[in-house]
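Notes for the one structure printed next.
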Amino acid sequence: MCGIIGVVQKRGDVAPFLHQALKRLEYRGYDSVGITTVANGHLYMKKERGRIDEVHRKLNLDDLPGSIGIGHTRWATHGMPSMLNSHPHFDCKDQIAVVHNGVIDNFLELRSKLSARGHTFSSDTDTEVIPHMIEEFMNEGQDLKTAMKNVALQIEGTYAVVAMTTREPDKMCAMRDGNPLVIGEEEGVHYISSDIPAFLPKTNKMILLLDGEIATLSADGVEIEKISDATKVLREAIKVSWTADQAERGGFPHFMLKEIHEQPDAVKNTLRIRREVIAEAAEIIRNADRVYMIAMGTSGHAAVAGQHMFGSLAGILPVPELASDFSDTVYDRLSSRDCVIAITQSGETTDTIAAAKYAKRLGAKVVAITNVVGSSITQNADYSLITQAGPEIGVAATKTFLVQLTVLAQIALALAETTQFIDDYVVSQKRAGLLRLPEIVSETIARNEERARTLAAAYYDRPSFLFLGRGVSVATAKEGALKLKEIAYNHAEGYSAGESKHGPIALVQDGYPVVFVVPRDGTRSRMIGNIMEMKARGASILSVAERGDEEICGLSTQYFEIQTGVEPEFSTIPFVVPLQLFSYYVALKKGYDPDKPRNLAKSVTVL
Ligand code: G6P
């Protein structure tokens with residue numbers, strides 16, 4: 001969703017950098033773009049609805065003077081995508097510029113009060129109240145920081161806000177409550193952004209800004225204090241292990257394809273997380289009376305698979321819940337004896353953070369699984385496990401899904417060791433199976449990519465697909481369907497094959513594509529029954545099956561093959577890969593950009 005970048009440096013124009021940084025934030029999803037700089041006592045601005053490249057062709061985003069500036073990509077919430085609704089937003093005198101990510105819930109009330117006092121508004125956004133409120137406080141003699149702190153006391157909702165003014169032209173202020181902001185530090189230059197990749201080509205040193213804090217950035221330094229009581233915050237910069245190359249396409253036509261190909265390494269690196277680190281999370285989970293897994297989107301599918309892994313290997317049955325519905329489902333029946341595992345690759349999904357905060361308020365322990373060090377979820381968790389996928393830029397999650405599954409598998413095995421639900425010998429077999437997965441995923445990509453392209457060419461124009469699995473493969477089926485829907489816009493539903501007779505089968509007629517996920521596990525014979533039922537109604541059967549499973553391949557119109565030797569509990573890890581590739585090639589065949597699906601955002605930072 002909205003992306004923010006701000007830069008303060010001593011000399012040299014910042015606009016070209018802001019433009020490039022906004023390109024690196026494109027993956028968050030957006031509909032408009034804008035840049036403002038300060039120079040010679042004026043604010044200079046270019047903003048417009050549309051893709052950054054289009055807007056740049058029209059307006060030349062590099063051509064603004066000044067060594068201090070802010071940029072923004074907007075994902076519309078209040079007010080349609082338009083030039084006037086694009087950020088930055090200004091005060092009445094064009095002296096204060098503001099960019100914002102989040103939602104100001106009480107903006108209507110604030111806006112009508114400001115209008116009554118003579119302020120004029122040029123957009124329909126909730127954001128625009130902020131520069132006008134800052135203007136009022138500064139007119140009373142306050143500096144920018146104090147004015148922003150006073151704004152924070154009056155606005156309700158969630159926000160990451162960055163502001164600058166011609167009245168203090170050598171600095172900018174940034175504050176947050178509920179939406180992400182990180183500070184980048186380089187000799188003589190400071191950056192503020194919604195996400196690390198924006199400034200990664202310049203520096204990997206970052207300072208976290210936490211909820212309820214305000215930072216003042218100048219070329220020489222950063223000062224952070226608490227908004228509530230002005231306590232100074234001294235926080236060391238940390239070095240992130242991500243490199244700028246990881247956030248580039250590296251010769252691949254799209255980030256999504258690059259990230260699919262990075263999966264073997266992502267899984268391998270995640271398997272290197274130390275056993276003690278995993279064991280500590282397992283201990284919290286094992287000591288809990290009830291265990292929930294909360295997540296959204298693809299991470300929600302990891303939770304579904306995680307339930308099966310914990311259940312079958314450790315005899316612990318967590319309840320997977322959508323984070324957005326969590327408080328409506330548990331009815332406050334959580335206590336300090338319960339544990340909530342929050343799974344979120346970005347660590348910034350507002351629903352997941354809200355659910356984690358809710359769980360903590362009721363006393364439950366929160367274990368976070370995330371790919372981003374220092375992300376908001378880690379600040380709201382008792383214990384965090386950081387997956388090792390590196391930055392994921394494609395909106396459709398791929399490698400972060402595989403590493404979430406890998407961590408859940410590691411926790412399941414750590415739990416199995418203590419619960420003794422399965423023999424130690426079996427645990428060691430499963431562990432060996434987990435270690436084989438990077439190589440199996442690599443082989444899966446090599447073996448199936450061309451087939452995915454061929455099948456995409458044959459099936460891309462089918463309006464609707466069913467994806468079916470049983471047991472842990474329900475998660476695989478759901479994720480396969482989600483990928484196709486997200487990036488290629490074909491209607492697709494992921495279902496339990498058992499449930500398919502209770503509705504979805506009504507869709508099936510001659511040539512209707514049904515994708516079956518059939519690892520060699522305890523569900524296989526029942527899956528064969530489901531395949532027969534669908535065949536009897538004329539369905540085209542596309543399956544993902546183990547290599548050499550002639551029965552399944554024989555029953556299928558087309559199939560993808562996965563190397564033998566996959567432990568059934570972990571089968572989602574390789575079996576989902578051909579489905580990712582299939583969706584990618586369907587999107588390409590239909591002429592869509594798989595990295596930037598319409599209406600979607602990489603991290604959803606509004607409720
Ligand atoms: C968005 C993204 C999905 C992601 C979901 C949850 O919808 O487009 O790819 O699965 O958010 O994100 P999270 O960062 O919490 O895993």
Side-chain angles (χ1 to χ4, degrees), residues 1-3 25-30 75 101 178-180 194-197 254-256 259-260 266 293-306 320-326 340-357 366-381 384-387 389-408 475 478-489 494 572 576 579-580 583-584 587 592-607:
M1 296 202 151
C2 299
L25 291 172
E26 273 192 304
Y27 72 92
R28 295 173 66 83
Y30 71 105
W75 189 88
N101 170 23
N179 288 100
S194 308
D195 207 352
I196 303 160
H254 296 99
F255 280 109
M256 183 178 175
E259 287 158 2
I260 290 172
M293 288 180 170
I294 55 166
M296 300 302 290
T298 293
S299 300
H301 298 153
V304 173
E321 283 288 357
L322 286 177
S324 55
D325 295 1
F326 190 52
V340 171
I341 305 173
I343 309 171
T344 162
Q345 58 81 20
S346 64
E348 299 295 348
T349 298
T350 302
D351 278 317
T352 309
I353 291 160
K357 283 183 177 166
V366 175
V367 173
I369 299 177
T370 183
N371 196 45
V372 182
V373 181
S375 55
S376 298
I377 196 71
T378 62
Q379 292 156 31
N380 289 288
S384 299
L385 289 169
I386 309 295
T387 55
E392 185 175 76
I393 309 290
V395 167
T398 52
K399 61 176 178 170
T400 54
F401 180 55
L402 260 60
V403 295
Q404 288 169 344
L405 295 167
T406 305
V407 161
L408 288 165
K478 283 182 181 291
E479 179 59 11
L482 177 65
K483 287 284 93 71
L484 190 62
K485 180 156 49 190
E486 274 182 313
I487 59 167
Y489 316 142
T572 304
V576 78
L579 304 181
Q580 298 168 336
S583 302
Y584 172 80
Y592 300 130
D593 180 345
D595 285 343
K596 297 174 199 139
R598 69 179 174 225
N599 302 334
L600 297 181
K602 181 75 186 159
S603 68
V604 177
T605 51
V606 291
L607 285 176

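Just so you know, ligand 1 is whichever comes first in the structure, and atom 1 is the first atom listed for that ligand.
Each of Met296, Gly297, Thr298, Ser299, Thr344, Gln345, Ser346, Thr349, Val395, Ala397, Glu486, Ala601, Lys602, Val604 has a non-hydrogen atom positioned under 4.0 Å from some atom of ligand 1.
A donor-acceptor pair shorter than 3.5 Å can be found between the side chains of Ser376 and Glu348. There is a side-chain donor-acceptor pair under 3.5 Å between Glu26 and Tyr30.
Exactly one of Val372, Val373, Val403 qualifies for a side-chain contact (heavy atoms from CB on, under 4.5 Å) with Ile386. That residue is Val373. Checked against Thr387 for a side chain to side chain donor-acceptor pair (under 3.5 Å), the options Thr400, Thr370, Asn371, Thr406 give a single hit: Asn371.
A distance below 6.0 Å separates the ring centres of Tyr489 and Tyr592.
Scanning for side-chain hydrogen bond (donor to acceptor under 3.5 Å, both in side chains) contacts around Gln345 gives an empty result, with sequence neighbours left out.
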